[in-house]
Amino acid sequence: MSWIALLLVAVGLGMDAFAVAVATGVKLCRVNWRQAGRMSLAFGFFQFAMTAAGWLGGRTLSGFLHAVDHWVAFTLLAVVGGRMVWGGWHPEQAGWRAEDPTRGWLLLTLALATSVDALAVGFGFSLLQIPIWGAAGLIGVVALLMTLVGLHIGCRVGLTFGQRMEILGGLLLIGIGIKILVDHLT
């Protein structure tokens with residue numbers, strides 16, 4: 001596989017991370033470098049690790065993982081997106097508003113949800129006998145960069161159009177989850 005084709009695969013995989021980062025930037029309204037660093041490193045690492053895990057897992061686990069990965073991604077994104085929509089409609093709910101998506105379990109949930117497709121790509125790479133470490137590294141770096149850009153775009157959109165954009169961000173996450181589900185079921 002050429003490096004250009006691999007780069008296109010990396011950008012395709014990074015689109016979910018980008019979209020989630022935009023929604024997170026809208027929610028946070030102001031993103032500092034620590035938050036951007038945590039989220040971009042987590043998303044980049046999970047894209048890298050899931051690609052490598054898919055490659056290492058090979059055929060043994062692929063049937064099981066392929067059967068449920070879309071449901072896992074849909075559920076995680078729908079729950080997080082639903083909470084964002086709820087928070088946008090009910091800003092007085094300080095518990096959700098105070099929760100930082102660039103920390104803790106919420107960050108891990110988002111990183112996992114945006115990287116499940118990388119598992120299948122890694123498996124495909126194993127069938128094509130593509131050397132994994134360079135490919136997975138490129139995928140991780142592209143996801144990291146797309147996450148950084150997405151956070152800052154979301155932050156600017158949130159500042160320009162107000163906190164109600166959190167509703168749109170949540171609907172975007174739910175939409176991504178539905179798209180993943182539909183793509184795998186059809």
Side-chain angles (χ1 to χ4, degrees), residues 9-32 34-47 50 66 68-121 139 142-186:
V9 168
V11 169
L13 287 173
M15 290 307 289
D16 287 348
F18 174 78
V20 170
V22 169
T24 300
V26 166
K27 179 193 179 340
L28 292 175
C29 194
R30 296 197 186 277
V31 178
N32 64 44
R34 286 183 185 163
Q35 292 169 315
R38 279 192 304 265
M39 181 167 258
S40 61
L41 286 172
F43 280 24
F45 173 76
F46 268 77
Q47 288 284 345
M50 294 292 269
H66 187 68
V68 298
D69 65 350
H70 50 283
W71 288 105
V72 171
F74 167 74
T75 302
L76 295 173
L77 289 170
V79 168
V80 172
R83 290 183 68 188
M84 285 181 71
V85 169
W86 177 262
W89 281 109
H90 303 284
E92 69 281 356
Q93 299 288 329
W96 167 242
R97 177 104 20 228
E99 198 170 349
D100 182 354
T102 69
R103 292 181 173 271
W105 289 108
L106 186 53
L107 174 61
L108 292 176
T109 299
L110 291 171
L112 178 64
T114 58
S115 65
V116 292
D117 286 346
L119 198 63
V121 168
I139 288 169
V142 168
L144 181 146
L145 294 173
M146 290 179 76
T147 302
L148 280 174
V149 170
L151 278 169
H152 292 289
I153 288 173
C155 182
R156 294 202 190 280
V157 168
L159 287 173
T160 303
F161 296 104
Q163 285 294 346
R164 292 290 183 191
M165 287 300 293
E166 186 175 350
I167 296 169
L168 183 60
L171 292 173
L172 180 64
L173 292 183
I174 294 168
I176 292 168
I178 291 170
K179 180 191 174 299
I180 290 170
L181 189 62
V182 169
D183 286 350
H184 282 96
L185 293 178
T186 58

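Predicted model only: the values in this text are computed from it and were never measured. All heavy atoms count here, side chains included; hydrogens, waters and symmetry mates do not.
Minimum heavy-atom separation, C155 to R30: SG-CA, 3.5 Å. Of all heavy-atom pairs spanning A143 and G44, the tightest one is CB-CA, 4.1 Å. Heavy atoms only, all atoms of each residue included: L110 and V20 are closest at CD2-CG1, 3.9 Å. In terms of heavy atoms, T147 sits closest to A17 at OG1-CB, 3.6 Å. When every heavy atom of A42 is checked against every heavy atom of A111, the shortest pair comes out as O-CB, 4.0 Å. Between A118 and Q47, the shortest heavy-atom contact is CB-OE1, 3.5 Å.
Using a 4.5 Å heavy-atom cutoff, the side chains of L112 and M50 are in contact. No side-chain heavy atom of F45 sits less than 4.5 Å from a side-chain heavy atom of L144.
For T102, the side chain to side chain donor-acceptor pair (under 3.5 Å) test picks out R38, D100, with sequence neighbours left out. In this structure L181 satisfies the side chain to side chain contact (heavy atoms under 4.5 Å, CB included) test together with H70, W71, F74, L185, sequence neighbours excluded.
Under the 3.5 Å distance criterion, the side-chain polar atoms of Q35 are left unmatched by any main-chain donor or acceptor of G25.
Expressed to the nearest 0.5 Å, how far CG of D183 lies from CG of D117 amounts to 8.0 Å.
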